[in-house]
S.K.: 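Just passing along the structure, written as structure tokens.
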Amino acid sequence: MAMEMRLPVARKPLSERLGRDTKKHLVVPGDTITTDTGFMRGHGTYMGEEKLIASVAGSVERVNKLICVKALKTRYIGEVGDIVVGRITEVQQKRWKVETNSRLDSVLLLSSMNLPGGELRRRSAEDELAMRGFLQEGDLISAEVQAVFSDGAVSLHTRSLKYGKDVDLSCPARTRHGFAPSSTHLLTYPEAHISQLGQGVLVQVSPSLVKRQKTHFHDLPCGASVILGNNGFIWIYPTPEHKEEEAGGFIANLEPVSLADREVISRLRNCIISLVTQRMMLYDTSILYCYEASLPHQIKDILKPEIMEEIVMETRQRLLEQEG
Amino acid sequence: MAGLELLSDQGYRVDGRRAGELRKIQARMGVFAQADGSAYIEQGNTKALAVVYGPHEGMGQGWTQGSQLKGARGRHMQDRERKTGGFVLEIRGSRARALPDRALVNCQYSSATFSTGERKRRPHGDRKSCEMGLQLRQTFEAAILTQLHPRSQIDIYVQVLQADGGTYAACVNAATLAVLDAGIPMRDFVCACSAGFVDGTALADLSHVEEAAGGPQLALALLPASGQIALLEMDARLHEDHLERVLEAAAQAARDVHTLLDRVVRQHVREASILLGD
């Protein structure tokens with residue numbers, strides 16, 4: 001069995017190699033941002049002794065009269081319309097509690113969920129009792145933020161047929177024995193298509209690294225699809241071949257995924273991790289360029305620090321060329 | 001240790017420092033990628049590691065050490081055990097304990113079995129660790145703006161890898177950096193230092209040799225910008241005439257620590273900002 005050993009090496013911080021400096025106003029907690037009382041205070045600041053003081057370490061953002069400090073990395077802060085990928089932690093009376101990497105668990109109300117068969121009706125007591133049949137603790141779902149409560153908790157909905165349940169390959173097998181064929185669970189899919197495959201890989205990153213875009217569901221040309229959740233949970237899954245029409249429902253297809261698809265998915269996952277380690281924003285183009293830059297290397301080598309830097313540097317250059 | 005001169009005639013201490021001099025401090029933020037915030041600090045030979053999770057939902061009842069749990073309910077604990085090398089012990093919190101108007105701060109102190117000269121039997125769960133945990137909690141409840149996160153819980157886990165005096169101070173400093181790394185709003189840095197009193201002179205930042213000599217020692221945690229004291233702890237006998245001097249020495253040392261930590265944080269923020277681009 002071949003074994004690889006590595007010794008620790010002092011590495012120059014990447015920011016030096018980039019050779020540029022930031023123009024932002026950086027603050028740490030306790031710093032006075034301004035003594036001018038005319039400004040409104042936003043997130044990351046507090047008022048103390050007639051001065052506006054920073055409460056997090058980050059960069060100051062000034063919009064007209066509003067000053068806020070954007071921290072380097074925070075938990076996900078929900079905004080209406082965001083796409084999130086979350087994991088069910090609890091089944092309560094008329095709702096599910098979903099963990100979305102935010103300060104409080106998000107809430108998915110029973111009334112915000114599609115019924116199998118796409119029916120539109122009032123949820124009855126039988127539906128409440130059957131909740132566990134739809135979603136159990138540990139299931140992964142993709143959903144959209146419907147509303148944000150005053151304490152910051154987020155309410156989700158999966159009303160459009162775009163959203164639904166995923167089966168996490170990276171988790172120890174969650175086999176559903178005694179799975180009644182009538183209560184089918186569909187990994188629903190963009191454009192209301194049923195996907196054949198309900199399996200994939202979840203990558204957890206910091207929410208601040210996911211770029212806000214028009215759409216967060218991407219079919220990458222390399223053969224896999226990706227859902228970039230705004231909360232930092234990224235779901236990679238094999239692109240389904242046929243896209244058929246069917247009225248909503250929850251079917252999870254547990255056919256084995258082919259080796260080629262698995263390799264693509266693993267490579268994508270390692271690329272995403274290397275982008276995150278080098279603090280690059282994640283969006284479909286950057287992931288794709290990183291994937292292409294990583295093709296000469298073996299999948300397991302991508303995670304080595306020097307190869308990671310090389311790949312990300314190449315991605316950065318390609319993105320700069322594309323912009324300018 | 002009979003005959004050990006803690007302070008020589010020329011004013012040098014056992015390790016060659018002056019009375020008010022600190023030991024060399026090196027610190028790093030963002031040590032663990034998986035935790036919300038993490039930091040590592042070395043103060044002389046004292047090494048401490050701090051990890052912060054949160055703010056997150058207050059844990060329900062029945063959460064115990066990760067190895068016993070399976071499935072989704074255990075995922076949090078299993079992940080944490082795995083990712084932080086197994087030294088996390090979740091204190092059983094209940095949803096009833098989650099405060100409706102502010103965040104719950106939960107601190108845990110642990111010292112590695114190899115951290116002291118003699119191998120320690122119980123890394124955590126003993127009286128001293130519990131007391132340290134409570135003190136850390138008191139310190140951080142004073143500094144973290146908990147009103148901004150009602151009903152959530154912030155977990156701070158600190159582990160001492162090598163104890164050479166000033167463990168409380170190192171833990172507080174490491175935890176401050178970790179909380180900053182996690183993006184949790186704080187009133188100000190919390191900088192801590194220990195101080196002692198020998199031969200009419202106040203010494204700052206005691207090492208293990210000086211602590212073991214049995215003189216009075218004081219631990220101070222300070223919010224430097226406003227000069228407010230977050231925690232002051234001493235359990236030895238000290239004449240009140242000397243208290244002022246020792247307190248001032250500790251406060252000055254804490255401010256010096258602040259200067260260093262400030263530099264570390266600014267460097268970290270600057271680097272991250274450059275990488276992210278404008």
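Because only heavy atoms are used, hydrogens play no part in the values below, and waters and symmetry mates are left out as well, while side chains stay in. Here is the naming used below: chain letters follow the sequence lines, and residue numbers restart at 1 for every chain.
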S.K.: For Leu26(A), which atoms come within 4.5 Å of any heavy atom of chain B: side chain, backbone, both, or neither?
M.R.: both
S.K.: If you tally heavy-atom pairs under 4.5 Å against chain B, which of Val205(A), Asp31(A), Leu209(A) wins?
M.R.: Asp31(A)
S.K.: Report yes if some heavy atom in the side chain of Tyr76(A) is under 4.5 Å from a heavy atom in the side chain of Asn230(A); otherwise report no.
M.R.: yes
S.K.: Decide yes or no on side chain to side chain donor-acceptor pair (under 3.5 Å) for Thr100(A) and Ser106(A), but give the supporting numbers first.
M.R.: CA-CA 6 Å; Thr100(A) 53; Ser106(A) 307; 2.7 Å; yes
S.K.: Checking heavy atoms, do the side chain of Ser102(A), its backbone, both or neither come under 4.5 Å from chain B?
M.R.: backbone
S.K.: Give the ring-plane orientation class for Tyr157(B) versus Tyr53(B), where under 30° counts as parallel, over 60° as perpendicular and anything between as tilted.
M.R.: perpendicular
S.K.: Side-chain contact, heavy-atom cut-off 4.5 Å: Val154(A) with Val107(A)?
M.R.: no
S.K.: Can we say Glu90(A) and Arg95(A) salt-bridge, meaning some charged N sits less than 4.0 Å from an Asp/Glu carboxylate O?
M.R.: no
S.K.: Step through the shown structure and confirm whether more than 12 heavy atoms of other residues, nucleotides or ligands are within 6.0 Å of CD on Gln322(A).
M.R.: yes
S.K.: Quick check on the interface: out of Met280(A), Met281(A), Arg316(A), Glu49(A), who has the most heavy-atom pairs with chain B under 4.5 Å?
M.R.: Arg316(A)
S.K.: Please rank Gly54(B), Ser152(B), Pro150(B) by heavy-atom pairs under 4.5 Å with chain A and give me the top one.
M.R.: Gly54(B)
S.K.: Could you list which of residues 247-261 of chain B have a heavy atom closer than 4.5 Å to any heavy atom of chain A, in residue-number order?
M.R.: none
S.K.: Just list the side-chain donor-acceptor pairs under 3.5 Å for residues 174-194 of chain B, sequence neighbours left out, or say none.
M.R.:
residue   : atom : partner   : partner atom : Å
Thr176(B) : OG1  : Val172(B) : O            : 2.9
Thr176(B) : OG1  : Val190(B) : O            : 2.7
Asp181(B) : OD2  : Gly30(B)  : N            : 3.3
Asp181(B) : OD2  : Ser38(B)  : N            : 3.1
Arg187(B) : NH1  : Ala142(B) : O            : 2.5
Asp188(B) : OD2  : Ala225(B) : N            : 2.8
Ser194(B) : OG   : Leu206(B) : N            : 3.2

S.K.: Inspect the surroundings of NZ in Lys304(A) and state if more than 12 heavy atoms from other residues, nucleotides or ligands are less than 6.0 Å away.
M.R.: yes
S.K.: Let me know if Ser59(A) has heavy atoms under 4.5 Å from chain B in its side chain, its backbone, both or neither.
M.R.: neither
S.K.: Is any NZ, NE, NH1 or NH2 atom of the basic residue among Arg137(B) and Glu141(B) found under 4.0 Å from an Asp or Glu carboxylate oxygen of the other?
M.R.: yes
